[in-house]
Amino acid sequence: MNIKNIFKNSVGESILAFGLKIGSALVGFYMFAMIASKLGSSEFGDFTVMFSVVMFFSTLNSCGLQSLIIKYFPRYEVAKDSELLSGLVFFSCVVFIFISVVNFILFSAIYEYLNLPLDNTAKSYMYLFVVSFAFSHVLIALMRVLDKTLLGLFLRDFLWRVLVTILLLSCLVYTVASDVLVVMSLSILPIILVGLVITVRQLSRHITISNDIALKKWSVESSSFCLILVVSSADIYIYTMLISQYLDAVEVGVFFTSIKIAELINLVFISVALVFSTKISKAIASKNTELTQILCRLAVLIAGLPSIGFAFLIFAMSPFLLQLFSPEYVEYSEVLFIVLSAVLLNALSGVTGLVMQLTGKHWLLLILQSFFLGIAIFLCPFFMDLFGVLGVGYAYFLSKGLWNIVVVIYLYKVEKINTSFLSVGFYFVNKNEIVNDFKRISLS
């Protein structure tokens with residue numbers, strides 16, 4: 001297997017995706033640090049609440065359609081069922097438009113409850129950001145199943161952040177959070193337009209005028225996927241909105257900053273999962289448990305080792321990294337350590353959420369995640385009374401850690417699949433198998 005072939009397989013794509021994610025993260029990290037230094041620690045705290053509202057509602061607005069597309073598009077493509085494939089695309093478009101209208105009512109209610117310091121114009125831009133970012137989630141999912149994963153990552157994750165950063169650097173004076181949100185909401189529109197043109201051209205080869213819609217099945221599953229994304233991916237935004245009612249703006253900014261720094265470890269895991277997800281989906285669809293295990297084991301191997309290294313590096317540099325945002329944040333390095341531990345545990349658990357969804361266990365996953373998140377949110381005010389902002393870190397670790405541990409055990413017992421880093425021990429016993437596994441996935 002020569003170098004050219006390696007870069008055609010999942011490992012090569014993962015390396016390229018990781019490079020893009022690293023670049024995107026560095027630009028994003030600089031962008032948030034720049035915003036914090038320009039706004040000041042208190043105003044930045046207000047910005048993190050507004051940004052969290054946008055990200056939370058964009059997750060709701062996407063309605064789990066990205067996961068639905070990742071799950072069923074490859075199946076219908078393999079089965080050459082153009083009618084169901086066309087129906088899936090049509091269903092996604094209609095649901096997205098409908099949810100965008102309904103979501104505005106809930107958004108307005110939360111907007112008033114949090115008493116955000118914005119006028120109606122800023123509120124309009126804020127919701128434009130919600131809808132456009134939600135649409136980018138769906139667009140990226142379509143690009144992934146159309147083998148345009150790297151292009152999608154480049155457009156939304158890298159190019160958009162670069163554009164926002166350049167525009168903010170061009171604005172010599174911006175002293176309120178709403179100015180930043182306006183720049184973010186407008187800058188993503190040309191990115192979406194480019195991605196949409198590319199996606200429509202690719203989709204024209206797959207879809208037909210006639211379509212078949214599995215309305216009940218897709219509606220139920222997309223709803224469950226949406227809720228799963230809310231409790232697993234948007235939980236940090238729930239925490240940020242919640243603690244804004246208990247802690248001052250500086251401490252809210254500390255928690256959000258700790259999350260953003262800790263997310264640097266997640267880069268490797270997310271990059272690998274993005275590339276491996278389609279192959280894992282096809283392996284599960286063909287009921288090939290052995291291949292699924294190989295893919296999960298290689299995914300957590302490729303992601304796990306760098307994640308551990310990044311975690312130690314970030315912890316060693318924590319005072320410096322926190323100071324980039326605000327000198328006031330340095331004294332809260334313990335918060336970063338707790339959040340960092342939670343994110344590392346999540347990464348070393350492997351692609352638990354993806355496998356649960358693809359094996360039809362999305363409702364069980366939702367129940368487990370919601371249960372542990374609910375317990376953590378319930379305990380969070382008590383933790384904050386006892387430990388201050390550290391209490392938020394403890395609550396976050398509790399919810400993130402427990403559901404991952406339970407799901408890893410469940411998948412191992414029921415599906416005979418070990419997604420966790422513990423599965424890598426197989427290679428220490430069977431050292432030659434790692435080469436064979438890489439060869440197998442290059443041919444799958």
Side-chain angles (χ1 to χ4, degrees), residues 42-67 92 94-138 176-186 188 219-220 222-249 251-253 255-256 259 366-367 369-381 384 392 395-396 399:
S42 182
E43 185 68 23
F44 180 68
D46 290 336
F47 165 77
T48 63
V49 178
M50 297 177 196
F51 185 79
S52 295
V53 171
V54 170
M55 293 296 106
F56 175 77
F57 280 99
S58 69
T59 304
L60 284 182
N61 212 126
S62 62
C63 199
L65 294 171
Q66 62 268 51
S67 298
S92 299
V94 172
V95 168
F96 184 85
I97 294 170
F98 175 74
I99 295 298
S100 296
V101 176
V102 175
N103 201 30
F104 182 72
I105 300 171
L106 184 57
F107 168 81
S108 299
I110 296 296
Y111 173 92
E112 295 297 331
Y113 173 75
L114 294 175
N115 196 26
L116 299 175
L118 297 171
D119 57 25
N120 287 332
T121 302
K123 177 184 176 182
S124 301
Y125 278 112
M126 195 171 172
Y127 197 67
L128 172 64
F129 193 13
V130 168
V131 175
S132 56
F133 203 80
F135 185 72
S136 73
H137 286 316
V138 180
V176 292
S178 59
D179 293 341
V180 180
L181 289 173
V182 170
V183 171
M184 287 182 162
S185 65
L186 294 177
I188 199 170
S219 298
V220 171
S222 64
S223 299
S224 65
F225 289 150
C226 179
L227 292 173
I228 289 168
L229 286 169
V230 166
V231 298
S232 63
S233 302
D235 56 345
I236 61 171
Y237 305 121
I238 296 173
Y239 280 111
T240 304
M241 291 187 288
L242 171 68
I243 66 176
S244 69
Q245 304 302 298
Y246 293 89
L247 303 175
D248 62 42
E251 291 178 317
V252 174
F255 175 72
F256 186 87
I259 292 289
L366 175 60
I367 291 169
Q369 289 180 324
S370 301
F371 176 71
F372 291 119
L373 178 61
I375 289 175
I377 288 176
F378 176 76
L379 293 175
C380 194
M384 285 188 285
V392 189
Y396 181 74
S399 62

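Numbers here are sequence positions counted from 1. As the structure is a computational prediction, the values presented were derived from the model and not from experiment.
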Donor-acceptor contact present, side-chain [X] to main-chain [Y], <3.5 Å:
X	Y	answer
Y239	A395	yes
N103	F57	yes
Y127	F104	yes

Taking side chain as C-beta onward, heavy atoms only, is [X] less than 4.5 Å from [Y]?
X	Y	answer
V53	Y111	no
I259	Y396	yes
Q369	S399	no
C63	F96	no
E251	Y246	no
Y125	L181	no
F44	F51	no
L65	I99	no

TODO: Could you walk me through whether I238 and L373 pass side-chain contact (heavy atoms from CB on, under 4.5 Å), step by step?
DONE: CA-CA 10 Å; I238 296 173; L373 178 61; 4.2 Å; yes
Task: No-hydrogen, no-angle side-chain donor-acceptor test under 3.5 Å, Y237 and T59 - done: no
Open item on the list: One pair to check against side-chain contact (heavy atoms from CB on, under 4.5 Å): T121 and V182. What are the steps and the verdict?
Closed with: CA-CA 10 Å; T121 302; V182 170; over 6 Å; no
Task: Minimal non-hydrogen separation, A134 against S58, with atom names - done: CB-O, 3.2 Å
TODO: Compare every heavy atom of T48 with every heavy atom of G45, then report the nearest pair and how far apart it is.
DONE: O-OG1, 2.6 Å
Task: Gap between atom CG of L186 and atom CZ of F129 - 0.5 Å precision - done: 10.0 Å
Task: Approximate separation, where rounding is to 0.5 Å, of N61 CG and H137 NE2 - done: 9.5 Å
TODO: Apply side chain to side chain contact (heavy atoms under 4.5 Å, CB included) to I188 and list each qualifying residue two or more places apart in sequence or on a separate chain.
DONE: S132, F133, S136, W160, I192
